[in-house]
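Computed from a predicted model, the values in this text were never measured in an experiment.
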Amino acid sequence: MQAHDPTLEKNELKQILRDLKSQSDVETVRIRAEKLLKTVDPKVLSLAEQELLKEGFSQDELRSLCDIHLQLLSGKIQEGPASDLSHPVAILQEEHKVIQTYLAKLEEIAQKVKMSKNSTLSQDDVAELRNVSQMLVEAESHHKREEDALFPRLEQQGITGPPSIMRLEHDELRKRKKALKELTETAGKLNQADFTKQLTELESFIVPTLRSHIFKEDNILYPTALQAISENEWSTIKREFDEIGYCPFTPQHVTAR
Ligand SMILES: [Fe+2]
Ligand SMILES: [Fe+2]
């Protein structure tokens, strides 16, 4: 394969994704994928994924392919535009770091409930769980900034696949985060077994889904956006971010002008 020919790279990627789906000789396919993904341009990757959507792959299939892709990508975390911390992508990435700490807490508390004999939580854990579920709901402005200011710029350039998958995941997460908040508010009225069951169900969806969502944005969507969007447009996006507003946990040093 000729190096860095976008059309060839795109076709090779599409073939790899199809082969991964058919599960034929996964090891060989992985080696091919690793080789290509080391150098591939994120925009080419996004276009290939979106053409597969058009070819009839369902979003769910593509999402499972995305997960295989993420395993291949792990260890290859890309740095954001670190020199300018008020850049919209830097703000989103800083928020991701905080959101991940809430996910770790949620995971830890759910683990404690499962391990404890009578499924009870200490007052401190209940308070912590309430705070975490509140903050996950407050992360809504992060998703709104992505949906209203960032994704439309990618969509205008024909990059529609990754934003549509991210929107779908926001919707699925929104429902569960709301349910988690309601559960923590009514915790005292439920019997312990019901509370544990519901908490476990919600946690086991929210934690892995939001973690993988963040990973995809940090490693695929944001790098694609950094390549596709011009400097001027980023200033407009930053203004729109300011208008939409930030989360209570957005680090202040990134939003200060
Ligand atoms: Fe998102
Ligand atoms: Fe995000």
Side-chain angles (χ1 to χ4, degrees), residues 42 46 50 59 63 66 80-81 84-103 105-106 130-185 202 205-257:
S46 301
Q50 136 190 350
Q59 291 206 328
R63 199 144 27 126
C66 249
D84 178 8
L85 281 176
S86 64
H87 190 288
V89 166
I91 296 173
L92 294 170
Q93 284 183 322
E94 286 302 306
E95 288 172 333
H96 279 173
K97 288 182 197 160
V98 185
I99 295 171
Q100 309 242 44
T101 67
Y102 295 131
L103 292 178
K105 279 183 194 153
L106 175 58
R130 287 210 169 116
N131 180 51
V132 163
S133 62
Q134 174 69 30
M135 289 304 130
L136 289 175
V137 168
E138 300 264 15
E140 202 43 47
S141 104
H142 170 100
H143 306 305
K144 191 170 167 51
R145 274 177 271 128
E146 291 175 331
E147 290 189 5
D148 293 357
L150 181 60
F151 297 171
R153 263 63 183 214
L154 290 171
E155 287 157 347
Q156 276 160 18
Q157 301 212 30
I159 303 165
T160 54
S164 80
I165 294 172
M166 296 299 105
R167 283 183 204 274
L168 185 81
E169 291 184 354
H170 288 171
D171 288 345
E172 289 176 344
L173 284 160
R174 197 170 283 130
K175 272 187 271 176
R176 264 79 167 205
K177 291 191 298 184
K178 201 164 156 259
L180 177 69
K181 186 165 178 286
E182 283 164 8
L183 177 69
T184 63
E185 281 160 2
L202 289 168
F205 182 88
I206 293 171
V207 173
T209 309
L210 190 45
R211 271 191 189 138
S212 115
H213 179 85
I214 286 174
F215 195 96
K216 282 177 259 191
E217 288 183 340
D218 284 346
N219 292 281
I220 301 169
L221 192 134
Y222 297 165
T224 304
L226 286 171
Q227 282 195 339
I229 296 171
S230 70
E231 274 309 308
N232 277 349
E233 264 190 305
W234 283 116
S235 321
T236 315
I237 293 172
K238 175 63 170 50
R239 271 203 302 283
E240 290 173 8
F241 269 35
D242 290 344
E243 276 163 28
I244 294 168
Y246 297 93
C247 310
F249 55 80
T250 307
Q252 279 193 347
H253 67 274
V254 293
T255 52
R257 271 165 289 177

Over all atoms of both residues, closest heavy-atom pair of [X] and [Y]:
X: A139; Y: C247; result: CA-SG, 3.9 Å
X: A149; Y: I237; result: O-CG1, 3.9 Å
X: I91; Y: S86; result: CD1-O, 3.6 Å
X: E240; Y: D148; result: OE1-O, 4.2 Å

Residue pair [X] / [Y], side-chain heavy-atom distance below 4.5 Å:
X: L173; Y: L136; answer: no
X: Q134; Y: Y102; answer: no
X: I159; Y: L221; answer: no

Describe, in one word, how the ring planes of H213 and H143 are oriented to each other, choosing from parallel (under 30°), tilted (30 to 60°) and perpendicular (over 60°).
perpendicular
What class does the angle between the rings of H96 and H142 fall in, given that below 30° is parallel, 30 to 60° is tilted and above 60° is perpendicular?
tilted
[X] with [Y]: basic N within carboxylate O range, under 4.0 Å:
X: R239; Y: E243; answer: no
X: R167; Y: E146; answer: no
X: K238; Y: E233; answer: no
X: E94; Y: K97; answer: yes
X: R174; Y: E140; answer: yes

What verdict does the salt bridge (charged side-chain N to carboxylate O under 4.0 Å, His left out) test give for E182 and K178, after you've listed the backbone C-alpha separation in whole Å, the side-chain angles of each residue and the deciding distance to 0.1 Å?
CA-CA 6 Å; E182 283 164 8; K178 201 164 156 259; 3.8 Å; yes
Check whether any side-chain N or O of T209 sits under 3.5 Å from a backbone N or O of I206 as a donor-acceptor pair, and report yes or no.
no
Please report the interatomic distance [atom1]([X]) to [atom2]([Y]), rounded to the nearest 0.5 Å.
X: R153; Y: W234; atom1: CZ; atom2: CH2; value: 9.0 Å
X: T101; Y: F249; atom1: OG1; atom2: CZ; value: 8.5 Å
X: L103; Y: I214; atom1: CG; atom2: CD1; value: 6.0 Å
X: F205; Y: L180; atom1: CZ; atom2: CG; value: 12.5 Å
X: L106; Y: S133; atom1: CG; atom2: OG; value: 8.5 Å
X: K181; Y: T184; atom1: NZ; atom2: OG1; value: 7.0 Å

Residue pair Y222, L150: steps toward the side-chain contact (heavy atoms from CB on, under 4.5 Å) verdict:
CA-CA 9 Å; Y222 297 165; L150 181 60; 4.0 Å; yes
T250 versus E95, side-chain donor and acceptor atoms under 3.5 Å
yes
My understanding is that only one of K144, R145, E138 makes a side-chain hydrogen bond (donor to acceptor under 3.5 Å, both in side chains) with S141; could you say which?
R145
